[in-house]
Amino acid sequence: MGDGDDRPECNNGEAAAGPGSKDIFVQLVISFALGISAFVAFCILRPRWKTLYAARRRHSDPQIALPVLPDSFLGWIPALYRVTEEQVLASAGLDAFVFLSFFKMSLRLFATMFFFAVTVLWPIHKTFDAGDTKTPGKAPTESDLASVGHTMVDSEHKDGRWSYLWAYLVFTWFFSFLTIYFMNSETIKVVKIRQDYLGTQSTITDRTFRLTGIPRDIRSEDKIKEFVENLEIGHVRSVTLCRNWAEIDGLMAQRLVALRKLEEAWSAYLAQQPVESRAGVQQPEEGDDIAQDGQDGDEESQENGRLLASDSLPNLTGRQRPKVRLRFGFLRLRNRKIDALDYYEEKLRRLDEKIREARRKEYVPTDTAFVTMDSIAACQMAVQATVDPRPGQLLSKPAPAPSDVIWRNTYAPRYKRRIQSWAVTIFITLLSVIWLAPVAALAQLLNICNIEKISSSLAAILEEHEITRAFVQTGLPTLVVSLLNVLVPYLYDYLSNTQGMVSQGDVELSTISKNFFFIFFNIFVVYAVSGSAALADFWEIIRDSLSDTQMIAKRIAGSIQNLNKFYLNFIMLQSFGLFPFKLLQFGSISLYAIYRMGAKTPRDFAELVQPSLFNYGFYLPTALLVFTLCLVYSILPGAHIVLLLGICYFALGYFVYKYQLLYSMDQPQHATGGAWSIICGRIIVGLVAFQVIMIAFLVLQTAFEKAAFIVPLVVLTFWYNIYSRRRYTPLTRFIALRSIKRASDPGLESNPDRDPNQAQPQTRLARRMSTVDEDKEKGMKFVNPNLVAPLEQPWIYQDPPPLLYESSTDSNTESVSGNNVSRAPSTENDSNGLGSVSSSFSLGDTHVWRDNGDDNV
């Protein structure tokens, strides 16, 4: 190039290294600007929009001893910090406790690593100038790597400059054992608390197991009960044999659609302005006011208007009744407009008749049943034992909570669910290959030389404007990667729901695994292999790496060093830029205006004020990736900066997620802490990646002896993974028999080795109230809600309509009502929706989250 003095040379490693210190400064400014603005907005809006930022506390049991957060600008932070682990267990349950425990463990681990990185590794890097390693630049050839290796070997023998690499070997072993120690200690703590928590509560879930593979000759409730009691493990309280309920489930789905259509037609009818009065009385205006918000007129006129409207509303005014177009005939070419209210009311009436008739039918039994025992111990003995000697016959598994059961999958054939599962797995594998192209293309933005190959004019402009270049090289790639982390989980959540799993808890755990695989493979592995190479060289790199293992080791080591600043910017944006937006619930606020415009019926408005759902599969994989990145860069030059950002990430994440889980967001899933096994498995993956990259780094420095000493560490890590799975996995899936409460003091029974003097206060603290699971499952039964749930009436006015129970289902009303409330969004307003609905309607055009005169936090 003619202006080669001013433009970087694209053939050396320095140019290919991508972002520099100025780029990091630009990313830091962008992250702080985004984060501070979102945090200030949250502190201002939090006391004003309590139905959003304190939604969960408003809907939870008032006996839960959560502190009232003050309305001051920053006063809520110390109050949130003082919330104890026992309060987290009592309010949010075991899943939230396990999730927050991972953040606390990571915070302690990386704080310890940061101490050694500052006091030992940083002086070593400064003394030996370890950051100035001769790493390969863009797509080095084998001869280039060989020449680099000979140069390093000569230097090492002549002046001993590379002797500091022994520190890399020592700290690889030390940090690996430190990670295993922290993970093992936290696992023991989680297991103890899980056993004590589940052993001291009594829910129908803890007394029920799922029996699959039932032979045809015993597919009846009586025979299953007789079979289980013949095992002499306890008495059977009830048996729910799953049947082919496809007909009734389909009718209930059709009824929900018809009900929504009828409510929309009524809302459109009542929203019209009256064109003429009836008998010269100006009653339509009052009726209109009542239908909209009920803000005008006194209470007497509102009551009279509502009674009159309910008696003879179709003839009350000259409103034009809404129409619906029906198509019929050959190829549905003919059509006709009819009265929408009459049409949907008649359709709803016919569906109700079909549903009542379908509920009286006897359906074909399947090979799955839910068996409820008289004690938790009897259930655990059935679950942890091998019931039948024949493979695939009479398999006992822990039952999900009644509100978590996906009933349409309980009667799906086993082969169909397996085909769905394998189809989703194959699709995700193909999708991961497809993701290679956009992710590798995104990696090109990290190098100005690759940008020049695509557009020389754009590269020239970026060279002239340093801040713009810094934003394109650092801010844009990290922003796109962060957006992928936000959007892609929705796809994998949908795929997990189509795999045929029986419970929402299993779907949640599957979503965590799928999203972590996407993030780890595409954002870490693909970037590490391709590095800052051009897209045209990506497949060449893959081909060369597969043919030469030494090439892939050197390639990974060089790419990891080059991508140091990119991952630094990624953690920075996640910590300082995006966590405040999660606290603000920017997505809910943004979507509220869209949902508000689409809301037509009182049911729609009631659903607007329901708490947002906390999906662990959306947040945990990113945290696991940051954990892996902190491990990988914990020894390399600049480790103290990465670890410091890791500490900031897990500290901020702990506070943000703690606030959301306790106060603002709901978590309907019930996985009993099952995510901890996934967390430990992914930590092992990150640990092995850290060790392999350190081997590759030492190979790149031609320190083959030191690299060979790390190989036993990899084997030892795999051995520990197998050992820990055999030792701890049963305790994270089942309840130990000695943990089950059998006396008034469950602490001594669940922890026999505990000091009796310390057992009593801890037991009092854990059992001062019922657990959140006991509150959720109070009155529930294992029964398909579509069989016994009351048929809802159209929700036309401000207040929800009363539930009309049928005489034939009165016996199941109590349990089904609780089940239906937690299962179906359309009916969960039956118990608590009145206050929310009146709040939303009384506000008129003001924001639905503004809550007047309510001091609850």
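Just the heavy atoms: all of them, side chains too, but no hydrogens, waters or symmetry mates, feed the values below.
Using a distance-only test at 3.5 Å, with no hydrogens or angles considered, no donor-acceptor pair links the side chain of S739 to the main chain of I735. Side-chain atoms of R194 come within 3.5 Å of backbone atoms of F734 as a donor-acceptor pair (strictly under, hydrogens ignored). No donor-acceptor pair closer than 3.5 Å links the side chain of S106 to the backbone N or O of F650. With T200 contributing its side chain and D196 its backbone, the two residues share a donor-acceptor pair below 3.5 Å. No donor-acceptor pair under 3.5 Å is formed between the side chain of Y633 and the backbone N or O of Y567. Listed for the Q87 side chain is a donor-acceptor partner under 3.5 Å among the backbone atoms of T84. Of the possible polar contacts, none joining the K514 side chain to the S496 backbone as a donor-acceptor pair under 3.5 Å is found. Checking side-chain atoms of Q499 against main-chain N and O of V424 turns up no donor-acceptor pair under 3.5 Å. Looking at R207, its side chain does come within 3.5 Å of a backbone N or O of M373 through a donor-acceptor pair. Within the 3.5 Å criterion, the main-chain N or O of N721 finds a donor-acceptor partner in the side chain of S724.
Ring centroids of F97 and Y197 are separated by 6.0 Å or more, keeping the two rings apart. Taking the ring centroids of W407 and F370, they lie under the 6.0 Å cut-off. Residues F110 and F114 place their aromatic rings such that the two centres sit no closer than 6.0 Å.
In the model, Y657 has a side-chain atom that pairs as donor or acceptor with a side-chain atom of K582 under 3.5 Å. There is a side-chain donor-acceptor pair under 3.5 Å between S588 and S612.
We find the OH-CZ distance between Y619 and F579 to be 10.5 Å, quoted to the nearest 0.5 Å. Of the inter-residue distances, the one linking N184 atom CG with M105 atom CE reads 11.0 Å to the nearest 0.5 angstrom. In this structure, the separation between CG on L568 and CG on L645 is 5.0 Å, given to the nearest 0.5 Å. For the atom pair T112 OG1 and L643 CG, the distance stands at 10.5 Å (nearest 0.5 Å). To the nearest 0.5 Å, atoms CG (L573) and OG (S31) are separated by 4.5 Å. Once rounded to the nearest 0.5 Å, the distance linking CD1 of I647 with CG of L652 reads 11.5 Å.
Counting heavy atoms from C-beta outward, Q574 and Y649 have side chains that approach closer than 4.5 Å. The closest side-chain heavy-atom distance from F177 to L716 is below 4.5 Å. Considering only heavy atoms from C-beta on, Y494 stays 4.5 Å or farther from T511 through its side chain. At least one side-chain heavy atom of V405 sits less than 4.5 Å from a side-chain heavy atom of F782. Contact annotation: the side chain of V507 approaches that of I406 to within less than 4.5 Å [non-hydrogen atoms, C-beta and beyond]. Taking 4.5 Å as the limit, every side-chain heavy atom of K192 sits out of range of all side-chain heavy atoms of L731. Taking the side chain as every heavy atom from C-beta outward, F99 and D95 never approach each other to under 4.5 Å. Looking at Y53 and L584, their side chains come closer than 4.5 Å, going by heavy atoms from C-beta outward.
Of the listed residues (I204, L211, D206), just one forms a side-chain contact (heavy atoms from CB on, under 4.5 Å) with T208, and that residue is I204.
Between F517 and F521, the two ring planes are parallel [angle under 30°; tilted spans 30° to 60°]. Under the 30°/60° scheme for interplanar angles, the aromatic rings of F618 and Y490 are found to stand perpendicular. The aromatic rings of W719 and Y723 lie parallel to each other, with less than 30° between the two planes, well short of the 60° mark. Between F581 and F586, the two ring planes are perpendicular [angle over 60°; tilted spans 30° to 60°].
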Enumerate donor-acceptor pairs with a distance under 3.5 Å from any side-chain N or O in residues 672-693 to protein atoms, sequence neighbours excluded.
residue: W676; atom: NE1; partner: T187; partner atom: OG1; Å: 3.0
residue: S677; atom: OG; partner: T732; partner atom: OG1; Å: 3.1
residue: R682; atom: NH2; partner: S513; partner atom: OG; Å: 3.1
residue: Q691; atom: OE1; partner: T717; partner atom: OG1; Å: 3.3
residue: Q691; atom: NE2; partner: S176; partner atom: OG; Å: 3.2
residue: Q691; atom: NE2; partner: T717; partner atom: OG1; Å: 2.9

Check your understanding: How far apart are the C-alpha atoms of F697 and T172, what are their side-chain angles, what is the distance that settles it, and do they pass the side-chain contact (heavy atoms from CB on, under 4.5 Å) test?
Key -> CA-CA 12 Å; F697 182 83; T172 301; over 6 Å; no

Practice item. Please step through side-chain contact (heavy atoms from CB on, under 4.5 Å) for the pair L107 and F102, ending with a clear verdict. Key: CA-CA 9 Å; L107 189 59; F102 168 65; over 6 Å; no

Review point. Going through the distances and angles, do K397 and V383 end up as a side-chain contact (heavy atoms from CB on, under 4.5 Å)?
Key: CA-CA 5 Å; K397 304 175 182 178; V383 168; 5.9 Å; no

Exercise for review: Could you go through the side-chain contact (heavy atoms from CB on, under 4.5 Å) check for F570 and L629 one step at a time?
Suggested key: CA-CA 10 Å; F570 174 76; L629 294 177; 4.1 Å; yes

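Listed by chain and residue number, nothing satisfies the salt bridge (Lys or Arg N to Asp or Glu O under 4.0 Å) test with D506 (two or more places apart in sequence, or in another chain). With sequence neighbours left out, K189 forms a salt bridge (Lys or Arg N to Asp or Glu O under 4.0 Å) with E85. In terms of the salt bridge (Lys or Arg N to Asp or Glu O under 4.0 Å) criterion, residue partners of R108 (sequence neighbours excluded) are, by chain and number, E186. Not counting sequence neighbours, the partners of Q420 by the side chain to side chain contact (heavy atoms under 4.5 Å, CB included) test are K416, R417. Under the salt bridge (Lys or Arg N to Asp or Glu O under 4.0 Å) criterion, R414 pairs with D367, not counting sequence neighbours.
Of all heavy-atom pairs spanning G646 and C630, the tightest one is CA-SG, 3.6 Å. When all heavy atoms are compared, the tightest approach of Q195 to A736 is OE1-N, 2.7 Å. For the residue pair A385 and S396, the shortest heavy atom distance occurs at O-OG, 3.6 Å. Of all non-hydrogen atoms in V656 and L583, the two that sit nearest each other are CG1-N, 4.0 Å. L662 and A92 get closest at one heavy-atom pair: CD2-CB, 4.0 Å. Here the closest heavy-atom approach between residue N515 and residue G617 is recorded as ND2-O, 2.7 Å.
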